[in-house]
Amino acid sequence: MATRWGICSAGKISHDFTVALKTLPAEEHQVVAVAARKLEDAQEFARKHSISRAYSSYEELARDPDIDVVYVGNIHPYHLKACLLFMNAKKNVLCEKPLAMNTNEVKEILDSAKRNQVFLMEAVWTRFFPVSVEVRKLLAQREIGEVKMVRSEFGIPLLHKPRLVEKELGGGALMSIGMYCLQFVCMVYNGERPESIQATGVCLETGVDETVIVTLKFSEKRMAVFTYSSSIQLPNDAIIVGTKGTIQIPARMWCPTSLVVNGKETQYPLPEPGLPQNFHNCTGMRYEAEEVRKCLLKGLKESPVMSHSDSLLLVELEDEIRRQMGVVYTQDSQ
């Protein structure tokens, strides 16, 4: 039987996710409803994607008995409220990253998932790409020996986008793009907490972070460094250096389609989208959807690949980077 999806928010990322779902077998994934704050937006989205139900409120979506899992695609300052709404309605949730604004909010979401006994996963889509699966396999097999250093970069000129600049929209480069570098480091070091973390960089006049370099030190003299920026174009690659070689992820490390292991490159092409997409390589969102279905069929309440503890570590490190950068959101004082 197909996993029946509800889509919360009719924005660009929800569009891309729905297009990605269409690259999977219809007998496994089906979008049954979409909800937006304006009915006409939901109706337009439903028409474009051939979805039978369109709702003018998230509450209506939460009440729909025919939905197995809700994809939460609104902006992150509203993730807490949306996640609590759906989980209290006993709906499973795949919530777009970042899961919430800070550690307290993430804990509240995780507590609600446990209390309501529903599945919850933060949609860190990168982790489910075939490239990422291969990286984890190579590391487990110690293909490059003992990992000593991880380096990653993600920078794109995005200062024309209010959601990267305005504090009330959850602005700041860390939450939108820097977290991809951070989650990569966390994945490579298998969810280990670093011994120390140092962030230095510059902020915008709006009080959010713009360009930052972060250095992390792990046990046994292992290091990581990443740079992220919302104002400049960076190489946007990642490299893992071990005692016996290197694993390199070329440009667009957050949605990777190739892997270079000790100089040998392998391609991992994505399926073509049925409709134009807003962001690069977004049919790759299909892999996180497959993970959700797999977990639901097994009766799991969290994914072993992007677990609740993974989300908690990620947000705790994000909070520390923001603290060092002096970035404070209104949600931090609530």
Side-chain angles (χ1 to χ4, degrees), residues 7-20 34-38 41-42 44-45 58 71-83 93-102 105-106 109 122-126 153-183 199 201-212 226-234 236 252-255 276-282 284-285 288 311 314-315 318-319 321-322 325-334:
I7 306 291
C8 162
S9 174
K12 289 180 177 176
I13 199 75
S14 293
H15 166 86
D16 285 5
F17 180 76
T18 306
V19 172
V34 59
R37 283 172 300 184
K38 292 185 191 156
D41 291 348
E44 170 62 18
F45 191 97
Y58 300 159
Y71 170 77
V72 175
N74 57 358
I75 62 172
H76 45 279
Y78 304 114
H79 283 177
L80 174 65
K81 193 178 173 193
C83 285
V93 169
L94 172 65
C95 180
E96 198 42 73
K97 58 91 216 144
L99 185 54
M101 294 297 288
N102 56 33
E105 287 196 353
V106 166
I109 290 171
E122 182 176 6
V124 180
W125 64 316
T126 314
E153 295 181 344
F154 190 172
I156 304 181
L158 289 168
L159 296 182
H160 57 288
K161 296 203 177 284
R163 68 180 179 84
L164 263 293
V165 174
E166 303 300 331
K167 197 181 268 193
E168 61 272 20
L169 298 178
L174 175 65
M175 300 298 260
S176 289
I177 57 182
M179 61 79 58
Y180 283 110
C181 299
L182 181 57
Q183 79 79 25
V202 291
C203 287
L204 296 167
E205 281 152 20
T206 55
V208 300
D209 51 308
E210 178 222 279
T211 301
V212 182
F226 66 88
T227 308
Y228 66 89
S229 176
S230 58
S231 67
I232 51 172
Q233 184 74 36
L234 290 171
N236 294 339
R252 302 209 182 112
M253 54 73 64
W254 67 96
C255 52
Q277 291 185 296
N278 298 293
F279 303 102
H280 289 299
N281 293 352
C282 262
M285 296 171 96
E288 64 185 3
S311 289
L314 198 52
V315 75
E318 286 164 355
D319 280 3
I321 292 167
R322 285 200 298 115
M325 288 301 300
V327 176
V328 181
Y329 296 119
T330 51
Q331 291 87 347
D332 296 330
S333 57
Q334 287 163 6

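Small disclaimer: the values here were computed from a predicted structure and weren't measured.
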Checklist entry - Hey, is the main chain of Ala173 close enough, under 3.5 Å, to the side chain of Ser230 for a donor-acceptor pair? => result no

Item to check | Asn102 side chain vs Gln331 backbone, donor-acceptor pair below 3.5 Å | outcome: yes

Item to check | Separation of Glu96 CD from Ser14 OG (nearest 0.5 Å) | outcome: 8.0 Å

Item to check | Donor-acceptor under 3.5 Å (Lys97 side chain, Trp125 main chain) | outcome: no

Checklist entry - Which one of Trp254, Tyr228, Phe226 satisfies the ring pair (Phe, Tyr, Trp, His ring centres under 6.0 Å) criterion with Phe154? => result Trp254

Checklist entry - With sequence neighbours excluded, what pairs up with His15 under the ring pair (Phe, Tyr, Trp, His ring centres under 6.0 Å) test? => result His49

Next on the checklist: Using a 3.5 Å distance criterion without hydrogens, assess whether the side chain of Arg163 forms a donor-acceptor pair with backbone atoms of Leu169.
Outcome noted: no

Next on the checklist: Please check: side-chain N/O of Asn278 versus main-chain N/O of Lys12, any donor-acceptor pairing under 3.5 Å?
Outcome noted: yes

Checklist entry - Are more than 12 heavy atoms from other residues, nucleotides or ligands located less than 6.0 Å from atom CD of Glu168? => result yes

Item to check | Short side-chain to backbone donor-acceptor contact, Asn236 and Gly155, under 3.5 Å | outcome: yes

Next on the checklist: If we ignore hydrogens and angles and just use 3.5 Å, is the side chain of Thr211 paired with the main-chain N or O of Ser229 as donor and acceptor?
Outcome noted: no

Item to check | Verdict with supporting geometry, Val124 and Met179, side chain to side chain contact (heavy atoms under 4.5 Å, CB included) | outcome: CA-CA 9 Å; Val124 180; Met179 61 79 58; 4.2 Å; yes

Checklist entry - Okay, side chain of Gln277, backbone of Asp16: is any donor-acceptor separation there less than 3.5 Å? => result yes

Checklist entry - Short question: side chain of Asp41, backbone of Ala10 - any donor-acceptor pair under 3.5 Å? => result no

Checklist entry - Going through the checks in order, is the side chain to side chain contact (heavy atoms under 4.5 Å, CB included) test met by Leu174 and Val212? => result CA-CA 8 Å; Leu174 175 65; Val212 182; over 6 Å; no

Item to check | Residue from Cys95, Cys83, Ser311 passing side-chain contact (heavy atoms from CB on, under 4.5 Å) with Ile109 | outcome: Cys83

Next on the checklist: Is any side-chain heavy atom of Ser176 closer than 4.5 Å to one of His76?
Outcome noted: yes

Next on the checklist: Applying ring pair (Phe, Tyr, Trp, His ring centres under 6.0 Å), can you list everything that pairs with Tyr71, at least two apart in sequence or on another chain?
Outcome noted: Phe17

Item to check | Heavy-atom side-chain proximity of Tyr180 to Cys255 below 4.5 angstrom | outcome: no

